[in-house]
Amino acid sequence: GGDVHAADSPWRFGDTLTFTARLSDVQGPGLRLRLRARSDVRVGPVQLELSRMRELGACAVDLRSCILPACALARPTQP
């Protein structure tokens with residue numbers, strides 16, 4: 001997949017994140033994810049958005065070996 005920046009996909013803790021995967025993502029080494037955060041300060045009706053991003057972590061998700069087999073096991077069987 002391509003790079004997606006935080007401005008393109010804002011999130012908050014508790015959100016469910018959904019990703020689109022291509023065949024190349026499944027056949028290749030998987031998806032690489034980076035968690036970045038931007039701090040906001042809110043005092044009463046005033047909110048300041050600080051533009052400095054912080055890297056919180058990174059991981060790789062192996063779709064072929066880990067994710068897809070788990071999805072197949074979780075699928076209900078047809079009677």
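Only this structure's heavy atoms are used, side chains among them; waters, hydrogens and symmetry mates stay out. Please read all numbers here as calculations on a predicted model, not as lab measurements.
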Trainee: How would you list, by chain and number, every residue that makes a side chain to side chain contact (heavy atoms under 4.5 Å, CB included) with L56, sequence neighbours excluded?
Mentor: L35, A37, R54

Trainee: Mind listing the closest non-hydrogen atom pair of P69 and R64 along with its distance?
Mentor: CD-O, 3.3 Å

Trainee: Which residues satisfy the side chain to side chain contact (heavy atoms under 4.5 Å, CB included) test with I67, sequence neighbours excluded?
Mentor: V61, L63, C71

Trainee: Can you list the residues that meet the side-chain hydrogen bond (donor to acceptor under 3.5 Å, both in side chains) rule with T20, with sequence neighbours excluded?
Mentor: none

